[in-house]
Amino acid sequence: MTDTEENQNIPSPGTPSDVKKTEQEIIREAKLKSIAESGVDIFPHKADVTHTVYGIVFKYSDSLKEDLEKKEVKVKVAGRLLSIRRMGRATFFHISDSRTKLQAYIREDKVGKENYELFSLLDIGDILAVEGVLFKTRTEELTVLVKSFTFLAKCLHPLPEKWHGLQNVEIRYRKRHLDLIMNPEQADVFRLRSALITQIRNFFDERDYIEVETPMMQTLPGGALARPFKTFHNALGIDLFLRIAPELYLKRLVVGGLERVYEINRNFRNEGISSEHNPEFTMLEFYQAYSDYNDMMDITEELICDLSVKFLGKETITYSDFEISLKRPWKKIKFVDALSQYSGFAREKFKDRKEIIVLASELAPDKTPLSYGNALDVLFDKYVKDHLIDPTFVTHLPKEISPLAKASPDNPDESERFELVIARMEIANAFSELTDPVEQKKRFEQQAEERKKGDEESHLIDLDYVNALEYGLPPTGGEGIGIDRLVMILANQKSIREVILFPLLRPKGDFSW
RNA sequence: GGCCCGUUAGCUCAACUGGUAGAGCAACAGACUCUUAAUCUGUAGGUUGAAGGUUCGAGUCCUUCACGGGUCACCA
């Protein structure tokens, strides 16, 4: 593909001016023009504020009315105008920082007729700074008595209605800025997400891990069983793949002597979109030399309990209709035992490869031909997953679907691997890393066989990785935790789109919605 | 991708078995100096997601399409 061809593929977006303006939008533009004509800079370069809205409310909302009057607290604070109550020559309004709102009171006799008229050109949604002193109204609401105000930005579109706000989920995702303006509780979800990620970094930093960044664009997508996105590098003339996992690079680092590494970054998988899946999602992966999958279970319990206690203040969380206890130790159950327990079939049945494949093929006819490992996976999802609400480590997954994990010493068909399930969702996946290069090569070759049979998600043979293993990977425990899903659990959000700021949606051709 | 549901004013929602598309908020004009879903009076605002079809007549019924939600399948 040439450079020109590549560029032709870039869609040209429409421009806002292509869209017919509504009456309200025309009126707002006219008001902005009037403001400009009165000599006000309509795109000022900065606002010297002394406080944030949140800061004022946090510090002064408990102050006594009399104390505030005595102290004469002067503030200059900026925010978005979210409600106005005009009463002739005086007006009450609230400004907001998407977290907190603060009332202000402007009177013609305090700011002068000219300024009061200028204020009347402001609409709900505009951004301004107010300067004045704090007081409390008759109803004890903390309020800024405005001495002067500064216009900072015009909102050229009407905001959604004040009682119900913005409900339309499609617009909420497509115009996240509007969602954040209108729904402070949604903004809180993203604040929590940020705080959780910061604490995760602290957690690993305290344990002598170092944070690293490995390639997002890989020549050979590996480290997971999934379909990749493909792209092209012009200068090198090669295909590149957006990574489906950082795993193989992180283990190369452990070979190199970085004994404890973690990475928090995006993975990309070219698969379905659902309330639990976004094509790009954030993954925490960490590797600890001289450890195994049992150590990973300990760390996982510790990490998630730490987050829950620090940010929710408890070890019991509410998710959807469930009360979920995070009290340690968490449940552990072997994959085959779980299958047997919830399906009612005897354990022995799951060793019969042919029968299992037939059974799973009936349940998932689209997927056939199934391998034995994939068939077990199908049965697990069918019979077991819906029962796992409290945190459960499902251990000893079939070796066949675990090409990067050590085999279990007491059963060569099983691996030293676990998946953590909470509220029916797979949250984490970990194993004792396979360190034997000869065995690893063999596993890759088996995966290649699966691929020949039509399993597009099989692992590709990565000889460069095998070569790295040949330099010696110490015994290592490794784990991936889906950050988006963890945030869903801790923030009690039912869709992954509620915890990803800009989830992928099919583009719409115009702005008129 | 399959199935089910949704799309009506800027927003949130109505409109019975097909019969003149409505309300609240927002907007506009006016009154109002402690309001907070401010209040009071008045005004304007619509190609009912798109295109076809059935019908004397379609927001409503049928077909196709677009976008979204739920669910199943794949996946973390």
Side-chain angles (χ1 to χ4, degrees), chain A residues 20-28 30-31 82-94 101 103-111 116 123-125 135-141 143 145 155-174 178 182 223-227 244-245 267-285 363-368 370 374 377-378 381-382 401 419-421 425-429 455-457 480-486 488 494-497 503 505-510 512-513:
Chain A
K20 203 181 150 212
K21 289 183 181 107
T22 65
E23 185 190 4
Q24 296 198 40
E25 287 163 344
I26 292 164
I27 289 167
R28 280 173 182 247
K31 285 181 178 173
L82 277 195
S83 65
I84 309 184
R85 291 170 294 283
R86 299 185 195 274
M87 300 171 300
R89 293 185 180 76
T91 299
F92 282 95
F93 57 98
H94 278 104
K101 51 184 193 161
Q103 184 170 254
Y105 182 41
I106 183 167
R107 298 164 50 130
E108 193 185 273
D109 60 2
K110 298 275 181 194
V111 297
Y116 195 77
D123 288 300
I124 288 174
F135 76 104
K136 282 203 166 176
T137 62
R138 265 207 309 241
T139 53
E140 293 286 321
E141 179 165 352
T143 303
L145 179 59
C155 177
L156 291 170
H157 302 283
L159 290 188
E161 191 235 345
K162 64 184 170 192
W163 307 354
H164 307 90
L166 181 64
Q167 303 284 329
N168 184 317
V169 291
E170 184 175 355
I171 301 179
R172 284 189 44 235
Y173 299 152
R174 288 189 192 277
L178 195 52
M182 296 307 297
L225 310 180
R227 261 175 268 198
I244 54 175
N267 288 347
F268 307 85
R269 298 189 184 175
N270 206 340
E271 280 157 3
I273 296 177
S274 78
S275 55
E276 291 173 27
H277 300 86
N278 195 59
E280 54 177 310
F281 62 100
T282 301
M283 182 80 119
L284 159 69
E285 283 208 13
L363 288 168
D366 312 354
K367 270 198 86 177
T368 48
L370 280 165
N374 285 333
D377 217 22
V378 166
D381 284 353
K382 205 78 194 175
I401 51 170
E419 282 186 353
L420 170 65
V421 181
M425 275 193 291
E426 268 175 59
I427 300 295
N429 179 26
D455 184 354
E456 289 179 52
E457 286 163 8
I481 296 183
I483 294 297
D484 311 285
R485 289 180 179 181
L486 184 62
M488 284 169 70
K494 289 191 196 73
S495 169
I496 200 166
R497 295 176 207 102
L505 297 182
R506 199 183 284 273
K508 260 190 170 173
D510 64 87
S512 56
W513 31 272

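It should be emphasised that the depicted structure is a prediction, and the values quoted were computed from it without experimental measurement. Below, read A as the first sequence line, B as the second, and so on, with proteins coming before strands; counting in each chain starts at 1.
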If you look at every strand shown and take non-hydrogen atoms under 4.0 Å, does [X] touch a base, only sugar-phosphate, or nothing?
| X | answer |
| --- | --- |
| A:N429 | nothing |
| A:K136 | nothing |
| A:G480 | nothing |
| A:E141 | base |
| A:F135 | base |
| A:H94 | base |
| A:R172 | nothing |
| A:Y105 | base |

Under the salt bridge (charged side-chain N to carboxylate O under 4.0 Å, His left out) test, which residues partner [X], sequence neighbours left out?
| X | answer |
| --- | --- |
| A:D484 | A:R193 |
| A:E141 | none |
| A:K136 | none |
| A:E23 | none |

In whole angstrom, give me the gap between the [atom1] atoms of [N] and [M].
| N | M | atom1 | result |
| --- | --- | --- | --- |
| B:G24 | B:G42 | P | 12 Å |
| B:G6 | B:C13 | P | 14 Å |
| B:G30 | B:U35 | P | 24 Å |
| B:G49 | B:G19 | C1' | 24 Å |
| B:G10 | B:C28 | P | 15 Å |
| B:A21 | B:G45 | C1' | 13 Å |
| B:G68 | B:A31 | C1' | 45 Å |
| B:A27 | B:C72 | P | 43 Å |

[X] [atom1] - [N] [atom2] separation (whole Å):
| X | N | atom1 | atom2 | result |
| --- | --- | --- | --- | --- |
| A:R227 | B:G1 | CZ | C1' | 11 Å |
| A:E457 | B:A73 | CD | P | 15 Å |
| A:H164 | B:A14 | NE2 | P | 11 Å |
| A:L82 | B:A38 | CG | C1' | 17 Å |
| A:L166 | B:G68 | CG | C1' | 14 Å |
| A:L178 | B:C11 | CG | C1' | 9 Å |
| A:I273 | B:U71 | CD1 | P | 15 Å |
| A:I26 | B:G45 | CD1 | P | 13 Å |

(request) Between A:D109 and A:N278, just flag the one whose closest nucleotide in RNA chain B comes earlier from the 5' side. (result)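 Its nearest nucleotide lies further toward 5', so the answer is A:D109.
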(message) Dot-bracket for RNA chain B, please. Rules: Watson-Crick or G-U, both distances under 3.5 Å, ( ) within the strand, [ ] when a pair crosses earlier ones, | for another strand, . otherwise.
(response) (((((((..((((.....[..)))).(((((.......))))).....(((((..]....))))))))))))....
(request) Please determine which of A:I496, A:I273, A:N278 meets the side chain to side chain contact (heavy atoms under 4.5 Å, CB included) test together with A:P503. (result)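 It is A:N278, the one option of A:I496, A:I273, A:N278 that forms the side chain to side chain contact (heavy atoms under 4.5 Å, CB included) with A:P503.
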(message) Applying the side chain to side chain contact (heavy atoms under 4.5 Å, CB included) criterion to A:L159, which one of A:L82, A:D123, A:L166 satisfies it?
(response)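 Per the side chain to side chain contact (heavy atoms under 4.5 Å, CB included) rule, the option paired with A:L159 is A:L82, out of A:L82, A:D123, A:L166.
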(message) Apply side chain to side chain contact (heavy atoms under 4.5 Å, CB included) to residues A:H94 and A:R85 and explain how you reach the verdict.
(response) CA-CA 9 Å; A:H94 278 104; A:R85 291 170 294 283; 3.4 Å; yes
(request) Not counting sequence neighbours, which residues clear side chain to side chain contact (heavy atoms under 4.5 Å, CB included) with A:S274? List them please. (result)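 With neighbours one apart ignored, the set is A:E276, A:H277.
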(message) Tell me the closest heavy-atom pair linking A:Q167 and A:R172, and the distance in Å.
(response)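 It is O-CD, 4.1 Å.
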Mind checking what makes side-chain hydrogen bond (donor to acceptor under 3.5 Å, both in side chains) contact with [X], not counting sequence neighbours?
| X | result |
| --- | --- |
| A:R107 | A:D109 |
| A:K101 | none |
| A:E426 | A:K385 |

Identify all pairs in which a protein N or O lies below 3.5 Å from an N or O of nucleotides 26-32 of chain B, and state each distance.
from, atom 1, to, atom 2, distance (Å)
B:A26, OP1, A:K162, NZ, 2.9
B:A26, N3, A:Q24, NE2, 2.9
B:A27, O4', A:Q24, OE1, 3.3
B:C28, OP1, A:K31, NZ, 2.5
B:C32, N3, A:G88, N, 3.0
B:C32, N4, A:G88, N, 3.3

Polar-atom pairs under 3.5 Å, protein N or O versus N or O of nucleotides 48-51 of chain B: list them with distances, or write none.
none

(message) Is it the case that the base of B:U35 and the side chain of A:Q103 share a donor-acceptor contact (distance under 3.5 Å, atom types as modelled)?
(response)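 Answer yes: a donor N or O sits under 3.5 Å from an acceptor.
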(request) Only counting residues at least two apart or in another chain, list the ones meeting ring pair (Phe, Tyr, Trp, His ring centres under 6.0 Å) with A:F281. (result)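 Expected list: none.
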(request) Could you check whether the rings of A:F135 and A:Y105 sit parallel, tilted or perpendicular, using 30° and 60° as the cut-offs? (result)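 A:F135 and A:Y105: tilted rings.
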